[in-house]
Amino acid sequence: MEKEQILDFTRRISQSNRSGLTVINYEIIFAYLDDAKKAYQEEKWEAFKVALRKAQNSIGELMQTLDFSYDISRNLYRIYVFCKDSLAAAMYKRSLTEIENAEKMLRKLYQSFCKVAETDTSAPMMKNTQQVYAGYTYGKGDLVENCQELDKSRGFFA
């Protein structure tokens, strides 16, 4: 994953609510799967394994956030286990087929979670973060993000 992507995910995480965090986690998985596919094409097997392990770890994060008081969580858990196992098989076999199968299932879930996130109007999970404003400037195609420090006392008080 490129440094720019990491910074974008970090900024989005700091501004997201619970549903938004799930959507971002899926996008992180897809970024790692893209990295794995790129490494596969370039026959960089160590980078291929690293990307798949990071994708598996992100799927593990989704598994940890499940609330098993709902029946759907059991079904989601099984899908996540299948996807993690598929990525392990892809790592072992050095194959893209298993990656594509897992990604196909995750994309369907991602679309559903995106729709849920659109209706979620809850407050962001993180408090006391910088507010980021993005908009077009007078230049062609330039997008500028501004962070405004309204409260300089962010963090812990000793």
Search all heavy atoms of [X] against all heavy atoms of [Y] and return the closest pair with its distance.
{"X": "Tyr80", "Y": "Met63", "value": "CB-CG, 3.4 Å"}
{"X": "Ser58", "Y": "Ile28", "value": "OG-CG2, 3.7 Å"}
{"X": "Arg107", "Y": "Phe30", "value": "NH1-CD1, 3.5 Å"}

For [X], what residues pass the side chain to side chain contact (heavy atoms under 4.5 Å, CB included) criterion, not counting sequence neighbours?
{"X": "Thr97", "value": "Ser95, Asn101"}
{"X": "Lys115", "value": "none"}
{"X": "Phe68", "value": "Leu66, Ser73, Arg74, Tyr77"}

Suppose we screen for ring pair (Phe, Tyr, Trp, His ring centres under 6.0 Å). Which residues come up paired with Tyr26, at least two apart in sequence or across chains?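 With sequence neighbours excluded, Tyr26 shows a ring pair (Phe, Tyr, Trp, His ring centres under 6.0 Å) to Phe113, given in chain and number order.
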Non-neighbouring partners of Tyr92 that pass ring pair (Phe, Tyr, Trp, His ring centres under 6.0 Å), sequence neighbours left out: none
List, one per line, each side-chain donor-acceptor pair under 3.5 Å for residues 31-41, sequence neighbours excluded.
unit_1, atom_1, unit_2, atom_2, d
Asp35, OD2, Met1, N, 2.4
Lys37, NZ, Glu103, OE1, 2.4

Approximate separation, where rounding is to 0.5 Å, of Thr22 OG1 and Leu62 CG: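 Separation between the atoms: 6.5 Å.
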Going by the salt bridge (Lys or Arg N to Asp or Glu O under 4.0 Å) test, which pairs reach into residues 86-96, not counting sequence neighbours?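 Listed once each, the pairs are Lys93-Glu98.
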Taking only residues at least two apart or on different chains, which pairs with a member in residues 56-67 satisfy salt bridge (Lys or Arg N to Asp or Glu O under 4.0 Å)?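 Qualifying pairs: none.
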Going by salt bridge (Lys or Arg N to Asp or Glu O under 4.0 Å), name the residues that satisfy it together with Glu46, two or more places apart in sequence or in a different chain.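 Result, salt bridge (Lys or Arg N to Asp or Glu O under 4.0 Å) vs Glu46: none returned.
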Please identify each residue that fulfils salt bridge (Lys or Arg N to Asp or Glu O under 4.0 Å) with Lys44, with sequence neighbours left out. Glu42
